[in-house]
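Every value quoted in this text rests on a predicted model; they were computed, and no experiment measured them. Lettering follows sequence order; numbering is per chain, from 1.
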Amino acid sequence: MSVLETLKMRGFIDQTTHEEELEEYLGQKGMSCYIGFDPTASSLHVGSLVPIMSLAHMQRAGHRPIALVGGGTGLVGDPSGKTEMRQLLTPELVRQNAEGIKAQLARFIDFSDDRALMVNNADWLVGLEYIPFLRDIGRHFSVNRMIKAESYRMRIESEEGLNFIEFNYMLLQAYDFYILSRDHNCMLQMGGSDQWGNIVAGIDLVRKMEQKQSFGITFPLITTSSGAKMGKTAKGAIWLDSERTSPYDYFQFWVNSDDRDVARFLALFTFLPIDEINELGNLEGAELNSAKAVLAFEATSLAHGSEEAEKALAAAQSMFGSRAIPSTLLPSSSIPREAAAGKADSVPETSFDPAVLEEGIAAFKLFAEVGLANTGGAARRLITQGGAYINNERVETFDYSVSMADMKDGEILLRAGKKKYHKITI
RNA sequence: GGUGGGGUUCCCGAGUGGUCAAAGGGAGCAGACUGUAAAUCUGCCGGCGAAGCCUUCGGAGGUUCAAAUCCUCCCCCCACCA
């Protein structure tokens, strides 16, 4: 099966240009392809996994992925898919963010021996001179065409309008493609479906500058079945950085996937064989839940390593109960399948001054302090509504005094709602 | 630069002197039901040890017993014109 077919079957493809020629391009060995990553934050999040995974698939197929960090374009801001102008970043911040992103990509893609490249478009964009750029590059662009691009049209018609700096974004991204095609013989750019206009502009530019054929692939916008954008929760994005989103929370994010998303996510976010995923069919109840555990385990292994994934699984099992995972379910997964009572050591933990506990602290204060509720008021509500537990026993009154007497095995286990835990130690 | 419209709590959005911590919706949180899912129903949804008090309606001043609401200046956004 060709990479293109693999990607297609796994749900990575929204549109491609020149499908037959592209198939031919990828039919050769060691071809390059690139995706741009915005350095808007120092960490990538789950929303970037589709591009990352597609690069990883390319590498597995013997090609050379190029990850382009938008250190230059990040200074401008891409209007695509955004309804308002983005906050402009300082060069210093962009550089820091690019560093963080690089480290994360390395978990998914092997950068050793030039098997993959990391480039930063600041290297060629920042020093550009306006007049030469206009004369050499700008002249190839028709404003008439540009304003017809979906990304611009949306903004032109919006209340917010389109700022000139953003209007230039397309030229810069097209220029990136031209540079990579010229310097690295990279003739394929991939990106989110909102990048279609920018990618096509790049293909046109490469043709005009170099008289060469290049290609584009876009990914579908991944939404959850409930319609939400992938990777965004009310608490914010799910980050790939373990400092921002702990491996346990990351694991939990995947377990909490909507039923309808499980098979699709397994195809997109794990490397498990597609035919095993297709065999899932219409699982229900506990089995489906096990499939979610596999999804979570595999996804966590990719982002944080199998050791962290095992810890997260064990922690989840000790909180929510453990059940064996049938060996026929996604057999290629290395998830531990025994029903095991693990030790919960991935639960957030706060250690307290013994004096505080000697004296006793009001339950609602404790919940607020430890972060299980945002404010004292919220904590009171939580308790009043019966959503607070200490050592898995419901807290009856908000001013219940938590003290040493509540210590069990050297810790107090707090729980808010069904899923949020916190340990108190001294 | 001119003219007009606008900036309200996480988001959308009502509110044109007291009855406003501010309608309604969404999101969110908790409970029930479950499978750590979805849907549904119920309650909550600025802060405070909860009585009362304090902080909020772009910003700063002012009028008034009383201001999201009136006045002045400023900042920002949008539309049309230039």
Undergrad: Name the pairing partner of B:C48, where a pair is Watson-Crick or G-U wobble with both distances under 3.5 Å, or state none.
TA: B:G52
Undergrad: Expressed in angstrom and rounded to an integer, what is the separation of A:Tyr389 atom OH from B:U36 atom P?
TA: 13 Å
Undergrad: My understanding is that a pair needs two contacts under 3.5 Å, Watson-Crick or G-U wobble. By that rule, which nucleotide pairs with B:C73?
TA: B:G59
Undergrad: Could you tell me the Watson-Crick or G-U partner of B:A79, where both distances fall under 3.5 Å? Say none if there is no partner.
TA: B:U3
Undergrad: Write down the distance separating the C1' atoms in B:C70 and B:C77, rounded off to the nearest Å.
TA: 24 Å
Undergrad: With a 6.0 Å cut-off on the ring centroids, do A:Phe269 and A:Trp254 count as close?
TA: yes
Undergrad: Would you kindly check whether a donor in the side chain of A:Lys418 faces an acceptor in the base of B:U34, or vice versa, at under 3.5 angstrom?
TA: yes
Undergrad: Can you tell me the distance, in whole Å, between the CG atom of A:Leu414 and the P atom of B:A30?
TA: 15 Å
Undergrad: With a non-hydrogen cut-off below 4.0 angstrom, is A:Glu287 in contact with a base, only sugar-phosphate, or nothing?
TA: nothing
Undergrad: Over how many whole Å does the gap from A:Ile383 atom CD1 to B:G43 atom C1' extend?
TA: 16 Å
Undergrad: Expressed as a whole number of Å, how far does the P atom of B:A21 sit from that of B:C53?
TA: 11 Å
Undergrad: Does A:Gly386 reach a base, just sugar-phosphate, or nothing at all? Heavy atoms under 4.0 Å.
TA: sugar-phosphate
Undergrad: Taking only side-chain N and O atoms of A:Arg380, does any of them lie within less than 4.0 angstrom of OP1 or OP2 on B:A30?
TA: no
Undergrad: With a 4.0 Å cut-off on N to O distance, would you call A:Lys365 and A:Asp399 a salt bridge?
TA: no
Undergrad: Write down the distance separating the P atoms in B:A67 and B:C20, rounded off to the nearest Å.
TA: 15 Å
Undergrad: Is it the case that A:Ser332 and A:Glu276 place a side-chain donor and acceptor less than 3.5 Å from each other?
TA: yes
Undergrad: For A:Asp258, answer base if it contacts any base atom (sugar-phosphate contacts may also be present), sugar-phosphate if it contacts only those atoms, and nothing otherwise; contact means non-hydrogen atoms under 4.0 Å.
TA: sugar-phosphate
Undergrad: Is any side-chain nitrogen or oxygen of A:Lys419 closer than 4.0 Å to OP1 or OP2 of B:A37?
TA: yes
Undergrad: Suppose we define a pair by two distances each less than 3.5 Å, Watson-Crick or G-U wobble; what does B:A38 pair with here?
TA: none
Undergrad: Quick check for you: among B:A37, B:G49, B:C44, whose closest atom lies nearest to any side-chain atom of A:Gln385?
TA: B:C44
Undergrad: Would you measure the distance from the P atom in B:C45 across to the matching atom in B:G25 and give it in whole Å?
TA: 14 Å
Undergrad: If the cut-off is 4.0 Å, is A:Thr375 near the phosphate of B:C48, judged by side-chain N/O to OP1 or OP2?
TA: yes
Undergrad: When you match A:Asn256 and A:Ala416 each to their closest nucleotide on RNA chain B, which lands nearer the 5' end?
TA: A:Ala416
Undergrad: Taking only the side-chain heavy atoms of A:Arg381 (C-beta and beyond), determine which of B:U36, B:C45, B:G49 contains the nearest atom.
TA: B:C45
Undergrad: Measure up the A:Tyr175 and A:Tyr178 rings against each other and bin them: parallel (under 30°), tilted (30 to 60°), perpendicular (over 60°).
TA: tilted
Undergrad: Need one value for A:Ala373: base, sugar-phosphate or nothing, where a base atom within 4.0 Å counts as base even if backbone is also close, heavy atoms only.
TA: nothing
Undergrad: Can you tell me the distance, in whole Å, between the CG atom of A:Leu313 and the C1' atom of B:U36?
TA: 13 Å
Undergrad: What interatomic distance, in whole Å, is found between P of B:C81 and the corresponding atom of B:C74?
TA: 26 Å
Undergrad: Verify whether the ring centers belonging to A:Phe177 and A:Tyr34 lie closer than 6.0 Å.
TA: yes
Undergrad: Measuring from the side chain of A:Val255 (C-beta onward, heavy atoms only), which nucleotide among B:U36, B:A38, B:G43 has the closest atom?
TA: B:U36
Undergrad: Would you measure the distance from the C1' atom in B:U9 across to the matching atom in B:G28 and give it in whole Å?
TA: 14 Å
Undergrad: Between atom CG in A:Leu280 and atom P in B:A37, what is the gap in whole Å?
TA: 19 Å
Undergrad: Would you check if there is a donor-acceptor pair between the side chains of A:Ser2 and A:Glu23 at a distance under 3.5 Å?
TA: yes
Undergrad: Quick one: which of B:U36, B:G35, B:A32 gets closest to the side chain of A:Arg394?
TA: B:A32
Undergrad: Atom CG of A:Leu288 and atom P of B:U34: how far apart are they, to the nearest Å?
TA: 18 Å
Undergrad: If I take atom CZ in residue A:Arg415 and atom C1' in nucleotide B:C29, what distance separates them, rounded to the nearest angstrom?
TA: 15 Å
Undergrad: How do A:Phe398 and A:Lys292 order along RNA chain B: which one's closest nucleotide is nearer the 5' end?
TA: A:Lys292
Undergrad: Tell me what A:Ser257 touches on the nucleic acid: a base, only sugar-phosphate, or nothing, going by heavy atoms under 4.0 Å.
TA: sugar-phosphate
Undergrad: From C-beta outward on A:Ala362, which listed nucleotide comes closest to its side chain: B:A37, B:G49, B:G35?
TA: B:G49
Undergrad: Roughly how many Å apart are B:G13 and B:G62, using the P atom of each and rounding to a whole number?
TA: 32 Å
Undergrad: Can you tell me, in whole Å, how much space there is between the C1' of B:U63 and that of B:G52?
TA: 29 Å
Undergrad: Need the pair for B:A27. Rule: Watson-Crick or G-U wobble, both distances under 3.5 Å, any strand; none if unpaired.
TA: none
Undergrad: Looking at B:A14, which nucleotide sits across from it as a Watson-Crick or G-U wobble partner, both distances under 3.5 angstrom, or is there none?
TA: none
Undergrad: Using side chain to side chain contact (heavy atoms under 4.5 Å, CB included), reason through A:Ile424 and A:Glu349 one step at a time and then give a plain yes or no.
TA: CA-CA 6 Å; A:Ile424 302 294; A:Glu349 182 178 327; over 6 Å; no
Undergrad: Rounded to the Å, how far apart are A:Asp261 CG and B:A39 P?
TA: 12 Å
Undergrad: Are A:His57 and A:Phe12 close enough that their ring centres sit under 6.0 Å apart?
TA: yes
